[in-house]
*Asks:* 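Input: one structure, supplied below.
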Amino acid sequence: MTHHFEQTCAYFTAARYMRTVEQVADRIFAPTGLKPAYAYIMMALEDEQPQTVVQLAQRLGYERSSLYRMAQTLERQGLLQMTSTGRASSLALLPASAAFLETANQCLAEFGQYTDTKLGADKVAMTCLLTSNNQKLRSEKHD
């Protein structure tokens, strides 16, 4: 039997792409001193704050526990404040986050330019399909 999963398997092709794009993102976001995921958390808070861990986890597609651990790291770095009320933890940016966010936003712009150049017109179609298909699979998770 010959397998063709390298071209036809949604899991394998998405994971292979993710490994490649993660290497690129790690390189481009290196000036932040943290993995790109931390920059995206901070930028999501820059867009709207405060947000609860649950709200942010749902928005970004992380497990609540993973986002909570990342928020703890950002809090230790002095970039955000986590306030617990009962079982809910609210996240808000601290003044020290301004320099980090300036760098993160520059990295995001550079990443966008890099992927625009490398992927061309395919980028828009790909991100639309990934977003749509992610929503379909996430809704299946809750059925």
*Asks:* Return the minimal non-hydrogen interatomic distance between Ser89 and Met82, and the atom names on each side.
*Replies:* CB-CG, 4.0 Å
*Asks:* Would you sort out whether Phe29 and Lys35 count as a side chain to side chain contact (heavy atoms under 4.5 Å, CB included), showing the intermediate values?
*Replies:* CA-CA 7 Å; Phe29 279 84; Lys35 290 284 197 179; over 6 Å; no
*Asks:* Do Met126 and Tyr17 have side-chain heavy atoms sitting under 4.5 Å apart?
*Replies:* yes
*Asks:* Taking atom types as modelled, is there a side-chain donor on Arg76 or Thr73 under 3.5 Å from an acceptor on the other?
*Replies:* yes
*Asks:* Given 3.5 Å as the limit, does a donor-acceptor pair link the side chain of Ser132 with the main chain of Cys128, or not?
*Replies:* no
*Asks:* Mind checking whether Leu94 and Leu79 have side chains closer than 4.5 Å, heavy atoms only?
*Replies:* no
*Asks:* Would one find more than 12 heavy atoms of other residues, nucleotides or ligands at under 6.0 Å from atom NZ of Lys123?
*Replies:* yes
*Asks:* Please check this pair: side chain of Ser66 against backbone of Tyr62, looking for a donor-acceptor N/O pair closer than 3.5 Å.
*Replies:* no
*Asks:* How long is the span from the OG1 atom in Thr32 to the CD atom in Gln77, to the nearest 0.5 Å?
*Replies:* 9.5 Å
*Asks:* Could you tell me which non-hydrogen atom of Leu34 sits nearest to which non-hydrogen atom of Leu74, and how far apart they are?
*Replies:* CD1-CD2, 3.8 Å
*Asks:* Determine yes or no for a side-chain-to-main-chain donor-acceptor pair under 3.5 angstrom, with Asn105 supplying the side chain and Leu101 the backbone.
*Replies:* yes
*Asks:* Would you say Met43 ends up clustered with Leu60 if hydrophobic residues are merged whenever their side chains have heavy atoms under 4.5 Å apart, either directly or through other cluster members?
*Replies:* yes
*Asks:* I need the minimum non-hydrogen distance between Val24 and Tyr114, along with the two atoms involved.
*Replies:* CG1-CE2, 3.5 Å
*Asks:* Do the side chain of Thr52 and the main chain of Gln55 share a donor and acceptor less than 3.5 angstrom apart?
*Replies:* yes
*Asks:* Under 4.5 Å between side-chain heavy atoms, hopping through other hydrophobics if needed: is there a path connecting Leu119 to Phe111?
*Replies:* yes
*Asks:* Does Arg64 have more than 12 heavy atoms from other residues, nucleotides or ligands lying within 6.0 Å of its CZ?
*Replies:* no
*Asks:* Mind telling me whether Phe5 and Phe12 have parallel, tilted or perpendicular rings, with 30° and 60° as the class edges?
*Replies:* perpendicular
*Asks:* Locate the shortest heavy-atom distance separating Leu108 from Tyr40; write the atom from each residue and the value.
*Replies:* CD1-OH, 3.5 Å
*Asks:* Is the closest side-chain heavy-atom distance between Gln51 and Ser90 below 4.5 Å?
*Replies:* no
*Asks:* Quick one: does Thr131's side chain have a donor or acceptor within less than 3.5 Å of a partner on Thr127's backbone?
*Replies:* yes
*Asks:* With a 4.5 Å cut-off on side-chain heavy atoms, are Val54 and Gln58 touching?
*Replies:* yes
*Asks:* Do Met42 and Phe100 come within less than 4.5 Å of each other through their side chains, counting heavy atoms only?
*Replies:* yes
*Asks:* Does atom CZ of Arg87 have more than 12 heavy-atom neighbours from other groups under 6.0 Å away?
*Replies:* no
*Asks:* Show the nearest heavy-atom pair for residues Asp47 and Arg59, with the distance to one decimal.
*Replies:* OD2-NH2, 3.3 Å
*Asks:* Distance from Glu102 atom CD to Ser97 atom OG, nearest 0.5 Å?
*Replies:* 11.5 Å
*Asks:* Of all heavy-atom pairs between Leu45 and Leu91, which one has the smallest distance, and what is that distance?
*Replies:* CD2-O, 3.6 Å
*Asks:* Under 3.5 Å, is there a donor-acceptor pair between the side chain of Gln49 and the main chain of Ala92?
*Replies:* no
*Asks:* Output the distance between atom CD (Glu110) and atom CD (Gln113), rounded to the nearest 0.5 Å.
*Replies:* 7.5 Å
